[in-house]
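Reading through the structure tokens given below for one structure.
Side-chain atoms are counted along with the backbone in the values below, which use heavy atoms only and exclude waters and symmetry mates. To find a chain, count down the sequence lines: A is the first, B the second, and so on, and within it residues start at 1.
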There are 2 protein chains.
Amino acid sequence: MEAPRTAEIVSVGTELLLGQIIDTHAATMARVLAECGIGCQRRATVGDNFTRIVDTFKSALSRSDIVIAIGGLGPTNDDLTREAMAEAMGDELVFEEAYAEELKAWFAARNYTWVERNNKQAMRPKHGRMIPNPNGTAPGLIAEKDGKVMIALPGPKGEFDPMAEGSVREYLQSAGGGMIIASRTVRICGIGESAVDEQLGDLMDQESPTVAPYAQTGEVHVRVTARAASKEAAMEQIIPVCEEIQRRLGKPVYGFDLETLESAILAELERRGETLALAESVTGGGIARRVTSIPGASKVFSGGVVTYTAETKYQLLGVDPDLLDEKGPVSPEVATAMALKAQVKFGAAYALATTGNAGPTSDIDGKPVGLCYVALAKPDGSVEVNEHKLRGLREDIRARLEQFALLKLWLSL
Amino acid sequence: MEAPRTAEIVSVGTELLLGQIIDTHAATMARVLAECGIGCQRRATVGDNFTRIVDTFKSALSRSDIVIAIGGLGPTNDDLTREAMAEAMGDELVFEEAYAEELKAWFAARNYTWVERNNKQAMRPKHGRMIPNPNGTAPGLIAEKDGKVMIALPGPKGEFDPMAEGSVREYLQSAGGGMIIASRTVRICGIGESAVDEQLGDLMDQESPTVAPYAQTGEVHVRVTARAASKEAAMEQIIPVCEEIQRRLGKPVYGFDLETLESAILAELERRGETLALAESVTGGGIARRVTSIPGASKVFSGGVVTYTAETKYQLLGVDPDLLDEKGPVSPEVATAMALKAQVKFGAAYALATTGNAGPTSDIDGKPVGLCYVALAKPDGSVEVNEHKLRGLREDIRARLEQFALLKLWLSL
């Protein structure tokens, strides 16, 4: 078996070291490497400082065959990746006239002002080539020298993602040397990590495929991973293990890989020919957004209302104003009424409603921060309502309640 | 001036190296370090492999005064941070009986099943102490030995965030040695990075405070950073630069630091005593979610509808069915009608409406993927509608349209 080639990812940007933005690209790149069978045992992050970028690139090159740099390819003075890449590889930068012309045309076509410093983006290492960037002005770069490879990708998401998943993935696949690492994720909701661990402990002690759980907001994901000569050969090891996990855990296993709880719910509703409506208060459209993130949601999702004030709960949904007065908007009674009214209004089989206080201050009828209700109106005319006392920041409380609401619907299907 | 103490962050978890989850914690930790005046020049990520975790900890300890490990403190077999921390520092683990008892009581109080392996979480380095974790079972750890400090924090967000922002921040502040780094971010929408760069180029060449732009989805953020003996002294350098930026760029500067476009809009509407309503189709509740993420949104945000099908555009909003038939739901005419109907229905000063095709297939009346419309109904009875031809994945198209809609509203206020 040929030894797999190894890679390191270096993210460049002071904003990353100051914690001002979150590094999602490193995760994307890591996933692409894994899927190409190239082992990534290390990632690093460095700021916009020429000496430190060069040092980080050099030590990564000394350990690994492939070094992938992300960010710092733009036109501004603190974009240093291009220069540092050439320096670390002992190469020089050359000006690519043809690309500079292309760049000028790109600007002209969009009526954008041409700025001289854009020419920086037409420089490339002498032993390298440009990776076309149809979504922006900074091309990516691939250079090969002295048996090592360096790849640089631009930072903006709309440019990075297509390049990482396109040309760079193709390049890496051919570099991967035949062995691949494949994995499947079993997605579980409604039971905790230690309970999953307890029920799957013997599988986790196996050498291959490896089985590892990790906790997400309101979910547990179990990753089953194998290394083999082909994706098919790896899947032959992986799939029976996933089936065993599903057999042991039952309904809480809602899906695999990139399936989400909302996609599992929509698929199941579509299979049954049933529909869903939403009436959101505290979650403010968050559940609707998750549901409509799934392509074709309109087959199942009738629609929703965001009734963020008592007036709209009455005017738009028709919740009894006396009930609102008497019980207050944060109450199981109002949650129930919202679900029933939305079910009728949209003519839907199921209707989910949320109401609560996500904070930060306790100003809704004096109801405490974190007190929330989820109601589910079902096709048989019944309504189930649950109380949740949630802790955390406003965004956490809202995100958890979205999850609890969808979980409630999934478990009742 | 005393040399600042230096820190490195090491994130532990194979799921990070496989790109299956995104490392938001490293960004949080980096921000806390920066705010405590401790320089973080390097971050690293390593998988759940004992030898590699120990090696990574050791080399970080050799370069920096403080090493902060994130993740791998749970009860399962692939949680190795505790053991690796002791090994890297040349320390041993001891069992803390009192904490084991506390842990058992915690489980009993919640009727959770006690599992023996939870006892692992009662182990700590001999030269260390536990950091209380009121939100979970794995305490954090701080150990000091041979002039170096190691800190370990648990991975789940609801446990990590309060610990990083609480006990760990307090500890780091006292370790920061008096000098602090402060920064302010100027948040800009509606103009591109190179235009910002062109207008602020001379400020970016300054040594102190440093001025650096970075592009976000539909926005540019400019970070102004200074190092000084106190936050007040740093701000005396920073604030005049921020004011100069605002003077040069005008209205596109919508806020500072953690202010968001939605919070700027809500504050301005509240100042004017005006309200907002929403009618979302393609954005599916995403704008409502952003607006309601702001505490006190109900003072300004009347409510919204998610009319995801032609039927609900007609039944719920009252959009003329002939118009829907003739022009199709993805049309400037329907966007306009949605905005006007929502404005009336909610009695709001402004109403934003979205309609479009976010893909992935071109199945809405044969309208191409990425074709979207935003309409804004204004207090004077007029409606402005814009066409957007967006590229990218479904989620990108939706996120960008949310941004364009809010931008449109902001620029019209």
Side-chain angles (χ1 to χ4, degrees), chain A residues 14-15 17-20 22-24 27-28 30-31 34 40-47 52 75-78 115 135 156-158 183 185 194 197-198 204 212-215 217 223 284-286 288-289 292-293 295 297-298 301-309 312 316 360 392 394-396, chain B residues 14-15 17-20 22-24 27-28 30-31 34 40-47 52 75-78 115 156-158 183 185 194 197-198 204 212-215 217 223 284-286 288-289 292-293 295 297-298 301-309 312 316 360 391-392 394-396:
Chain A
T14 300
E15 65 275 19
L17 286 183
L18 288 172
Q20 298 189 324
I22 289 163
D23 193 353
T24 57
T28 303
R31 184 174 45 71
C40 173
Q41 293 177 350
R42 203 176 164 82
R43 261 166 40 191
T45 307
V46 65
R52 283 198 288 272
T76 74
N77 290 336
D78 64 353
V115 184
N135 305 300
K157 185 175 165 57
S183 72
T185 299
S194 64
D197 203 50
E198 200 68 3
M204 290 178 198
Y214 53 101
T217 303
R223 190 180 60 248
R289 180 172 165 274
T292 59
S293 72
S298 60
F301 176 57
S302 314
V305 293
V306 181
T307 52
Y308 212 64
T309 58
T312 53
L316 202 70
R394 184 176 172 86
E395 63 191 86
D396 302 328
Chain B
T14 300
E15 66 274 20
L17 286 182
L18 289 171
Q20 298 189 324
I22 289 162
D23 194 353
T24 58
T28 303
R31 184 173 46 71
C40 173
Q41 292 178 350
R42 203 175 164 81
R43 261 167 39 191
T45 307
V46 65
R52 283 198 287 273
T76 74
N77 290 338
D78 63 354
V115 184
K157 185 175 166 58
S183 72
T185 300
S194 64
D197 203 50
E198 201 68 3
M204 290 179 198
Y214 53 103
T217 302
R223 188 181 60 249
R289 178 171 166 275
T292 59
S293 71
S298 60
F301 176 57
S302 314
V305 292
V306 181
T307 51
Y308 212 65
T309 58
T312 53
L316 202 70
R391 288 198 290 187
R394 183 175 172 86
E395 64 191 84
D396 302 329

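Of all the listed residues (T24(A), T45(A), N135(A), D78(A)), the one sharing the greatest number of non-hydrogen pairs under 4.5 Å with chain B is T45(A). Counting heavy-atom pairs under 4.5 Å between each of R394(A), R42(A), E198(A) and chain B puts R394(A) at the top. Contact count against chain B (heavy-atom pairs under 4.5 Å) is highest for T292(A) among D396(A), T292(A), V305(A). Contact count versus chain B (heavy atoms, under 4.5 Å) is highest, among G47(A), G284(A), P156(A), G285(A), for G284(A). Heavy-atom pairs under 4.5 Å with chain B peak, among P75(A), P295(A), G158(A), at P295(A). Of all the listed residues (M204(A), R31(A), Q41(A)), the one sharing the greatest number of non-hydrogen pairs under 4.5 Å with chain B is Q41(A).
Closest approach of I22(A) to D23(B), counting heavy atoms only: CG2-O, 4.1 Å. Considering every non-hydrogen atom in both A30(A) and G19(B), the closest pair reads CB-N, 3.6 Å. Minimum interatomic distance between P213(B) and T76(A) (heavy atoms only, all atoms of both residues): CG-CG2, 4.5 Å. For the residue pair L316(B) and G304(A), the shortest heavy atom distance occurs at CD2-O, 4.3 Å. T309(B) approaches F301(A) most closely through the heavy-atom pair CG2-O, 4.0 Å. When every heavy atom of A34(A) is checked against every heavy atom of L18(B), the shortest pair comes out as CB-CD2, 3.5 Å.
Both the backbone and the side chain of S293(A) come within contact range of chain B, with heavy atoms under 4.5 Å apart.
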